[in-house]
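The figures here come from the full heavy-atom set of this structure, side chains too, leaving out hydrogens, waters and symmetry mates.
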Amino acid sequence: MGQYNAPLRDMQFVLHELLQVSDELKQLPKYAEVDAEIINQVLEEGAKFTSDILFPLNHVGDREGCKLDTATHEVTPPKGFKEAYDQYVAAGWPALSADPEFGGQGLPTVLQTVFLEMLNSANQAWTMYPGLSHGAYECLHKHGTDEQKALYLPKLVSGEWTGTMCLTEAHCGTDLGLLRTKAEPQADGSYKLTGSKIFISAGEHNMVPNIVHLVLARLPDAPAGTHGISLFLVPKFLPNADGTPGERNPIFCGALEEKMGIHGNATCQMNLDGAWGWLIGEPNKGLNAMFVMMNAARLGVGVQSLGLTEVAYQNAVVYAKDRLQMRSLTGPKATDKPADPIIVHPDVRRMLLTAKAYAEGGRAFSSYVALQIDRELNHPDEKVRAEAADEVALLTPIIKAFLTDNGWIATSESLQVYGGHGYIAEWGMEQYVRDARINMIYEGTNTIQSLDLLGRKILLDNGVKLRKLGEKIRSYVEDNGLDESLSEFITPLADLAAKVEKLTAEIGMKAMRNPDEVGAAAVPYLRVVGHLIYAYLFARMAKIALEKQNDDPKFYQAKLVTARFYFARLLPETAMLIRQARAGSDSLMALDAELF
C-alpha cells in the first residue's frame, strides 16, 4: 500500500540551514549540548521506525478499525497496533522531549515536532494513542501537585501509561462554558465525577495497563460559564501505593464513534459514574490549566496535516511518474512507450507542486514555532522568553488552521493525480483525504482558531503581537531588498506585509461599530496571515538555495522551483481573500434566518 520515506534532507535543511537550530540551542543552557549530529541521529532512527513499523499498519488499521466489547467496555485497536506501541516504548520515543527528572531524555521541542511529522505521515490513527500523552504530561508538569507529578509523570514519560483530555460534551461542543459534568468533593480531598464526554481520542484501549484522563467538570458551587470549570485527574485504574494499577475506576467507554476517517483510533464516548478524581491546579481555573494541553494539541494537529500532506505528495509523485496517459502537448516525451507519464502534463504538475509547497512551507513553519516554544520555556533572558511567548500565542491558531486547511487541499490534489484510482481504497489515497478532513474540525474548528487569532490575539491587544512579527519581516525585506536575485520573492513579501497591516486596521475600525465584522472577516484573514508567514519563510529558503545551489544542485534547484511556484501560484490567493475579508458582514447577516 504505497510508501513513506521520511524527507530527511528537507528536514535537515529546515533545522540546520534555515533555522540554524544548533546555534539557537546553544543559547539555551538546557539544550547547549544538542548538536547537529545528535539531531540527525534521532531523525534517522525516527525515519526507520516510522517507515518500517508504523506505515505498514496504516491501511490495514483503517480497514479493520477498533472493536468495543460492550460487556467489559474494553476497546481493542487494530491488529499490530499494540505490538508497534511496545516497540515505540522500548526504543524510548515517548520520553524524547520530557524532563529528565521524570525519566525524560530532555531533548528540545523542535526535534520532537519534526519526529511527530514522521509519525503522522506514517500512521496518524496510531500516533493519536500516545499523541495526547505528551499534552497530559505538560499539563501535569506545570499545574500538578508534587504528589501527582511523582506518581503519574514517570508513567506518562516512559509510555507505560497514556493520557487523554476529556473536554467535549454532546450539547456544548466548543462552548465549554455549557458543560455539565459534576465533581462532588469528598472528605479525603478527592472528588467523585459524574457525566459524559464525547469525541475522546484514545479514550479506551488495551495497549497500556492504565490511562490517565484529564477531565473538565464543575464543582457544586461553581459560577456559570467558563469561569466555573475545574480540571481533574481521573485514572482508569486507581493506582496502588506502589504505583501499580489497582481498583477499576468507574470511567467507561460507552460507545465508539463511527467516523469518516482515522478508523484505527478509538474515538470514545466516555461515561463517568461517580469516578474518583483529583483536582489539578486551582478550583474554577481548570480551563487555564487545560490550555497548556490544548495549545500543545493545536500544534500537534497542524503537524498531523503536515504529515498527511507529505505522504500523500510522495505517493502521488510515484504514481504520476508511472501512469501513462496521452501525449505531452509539446510532443511525445516517452517515445518508447504508447503514451507519456502524466507528470509531463502542466496541471498534474500544478497539483504535485501545490502539495510539495504546502509540505515544505508547513515543515518550515511548524519547526519555526517549535523552536520559539523552546526559547519561550528555556531562554535565560526573561525578555526573550516573553517575546517568544507572544509570538507562539499569535502563531498557534495559524499553525492549527492554516496547516490543516492546506492539508485538506494537498491531499485532495494528490488524490486527483490518481484520477479514478484515487477513490479506490487499494491505492490508499482516499484514506489520507478522509483523515485530513477531521483535522480542520477538532481541537477547535478552524473558524474558532480564526476568531481567536483576529479577535483575541490581534485586536484585543491593538495589534502589538502582529506588529512585532511585521517588524521581523520588515527587517528581512530591508536587509535583502536591494538584492536583484531575490526581488521575485522580496517584492511580493513586502507588498503583502503592507496589505496585512492596512487590512488589520480596517477590520479593527469596522469591528468597533459592529462586532460581527470580526466573525465575517476572520477565516479569510487567517489565511492571509498564514500566507504572509509562508512567503517570509519561502523567501528565506530561496535565499539559501540561491547561495548554495552549486553545492547540491538537485536539492537547491528543486527548492527554488518550489519557492517560485508558491509565489506565482499559491500566494495570489491572498488577493481574493483580502477582498472577502473586506466584504463585511452585511451579505452574511442580511438574510432572515427563516428564509434559509
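- Between R375 and E24, at least one side-chain nitrogen of the basic residue sits less than 4.0 Å from a carboxylate oxygen of the acidic one, meeting the salt-bridge criterion.
- Heavy atoms only, all atoms of each residue included: I398 and G530 are closest at CG2-CA, 3.8 Å.
- Residues L214 and L167 form no side-chain contact, since every pair of their non-hydrogen atoms from C-beta on lies 4.5 Å or further apart.
- At least one side-chain heavy atom of V500 sits less than 4.5 Å from a side-chain heavy atom of T504.
- Put simply, the side chain of R298 gets close to the backbone of E443: a donor and an acceptor are under 3.5 Å apart.
- Without hydrogens or angle criteria, H213 side chain to V215 main chain gives no donor-acceptor distance under 3.5 Å.
- Judged by distance alone, with hydrogens and angles left aside, the side-chain atoms of D435 form no donor-acceptor pair with the main-chain N or O of G261 at under 3.5 Å.
- Side chain to side chain, H16 and N40 meet the donor-acceptor criterion of an N or O pair below 3.5 Å.
- Using a cutoff of 4.0 Å between basic side-chain nitrogens and carboxylate oxygens, E387 and K468 are not scored as salt-bridged.
- Checked by atom type, the side-chain pair R527/N406 shows a donor-acceptor distance below 3.5 Å.
- Contact of the V523 side chain with the N446 side chain is not registered, since no non-hydrogen atoms from C-beta on lie closer than 4.5 Å.
- We find that D483 and K543 are not joined by a salt bridge, their nearest charged nitrogen and carboxylate oxygen being 4.0 Å or further apart.
- The aromatic rings of F102 and H141 stand perpendicular to each other, their planes meeting at an angle above 60°, with 30° marking the opposite boundary.
- Note: Y476 and Y536 have perpendicular aromatic rings, judged against thresholds of 30 and 60 degrees for the angle between ring planes.
- Geometric assessment of R9 against the ring of Y556 yields a positive cation-pi assignment under the 6.0 Å and 45° thresholds.
- Checked for salt-bridge contact, E101 and K149 miss the test: no charged N lies under 4.0 Å from a carboxylate O.
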Side chain to side chain donor-acceptor pair (under 3.5 Å) evaluation trace for Q87 with E83: CA-CA 6 Å; Q87 290 178 265; E83 292 75 10; over 6 Å; no
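- Using a 30° and 60° split on the angle between ring planes, Y534 and Y566 fall in the tilted class, from 30° to 60°.
- A 4.5 Å side-chain heavy-atom check between Y432 and S414 finds every atom pair outside the cut-off.
- Counting heavy atoms from C-beta on, the side chains of L107 and Q112 never come closer than 4.5 Å.
- Under a 4.0 Å N-O distance rule, the pair E360/K559 qualifies as a salt bridge.
- Judged by distance alone, the side chains of N439 and S305 do bring a donor and an acceptor atom under 3.5 Å apart.
- With 3.5 Å as the limit, one finds no donor-acceptor pair spanning the side chains of K155 and N210.
- Counting only N and O atoms by type, the side chains of S51 and N5 include no donor and acceptor under 3.5 Å apart.
- From Y358, atom OH reaches atom CD1 of I409 across 4.5 Å, with rounding to the nearest 0.5 Å.
- When side chains are defined from C-beta on, F115 does not count as touching V42, because their heavy atoms never get closer than 4.5 Å.
- Under the 4.0 Å criterion applied to side-chain N and carboxylate O atoms, K48 and D52 are not assigned as salt-bridge partners.
- With respect to D461 and K457, no salt bridge is recorded, no charged nitrogen being found less than 4.0 Å from a carboxylate O.
- For the pair K465/I458, no side-chain contact is recorded, criterion being any heavy-atom separation below 4.5 Å from C-beta on.
- Checked against the 6.0 Å centroid criterion, the rings of Y442 and F199 do not qualify as a close aromatic pair.
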D374/T109 under side chain to side chain donor-acceptor pair (under 3.5 Å): CA gap, chis, key distance, verdict: CA-CA 6 Å; D374 284 323; T109 301; 3.1 Å; yes
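- F567 and F538 have their aromatic ring centers separated by at least 6.0 angstrom.
- Ring pair W126/Y88 is perpendicular by interplanar angle, where above 60° counts as perpendicular and below 30° as parallel.
- Contact annotation: the side chain of N120 never approaches that of L308 to less than 4.5 Å [non-hydrogen atoms, C-beta and beyond].
- Counting heavy-atom neighbours within 6.0 Å of K142 NZ, excluding the residue itself, gives a total of 12 or less.
- E45 and Q41 are not linked by any side-chain donor-acceptor pair at a separation below 3.5 angstrom, with hydrogens and angles left out of the test.
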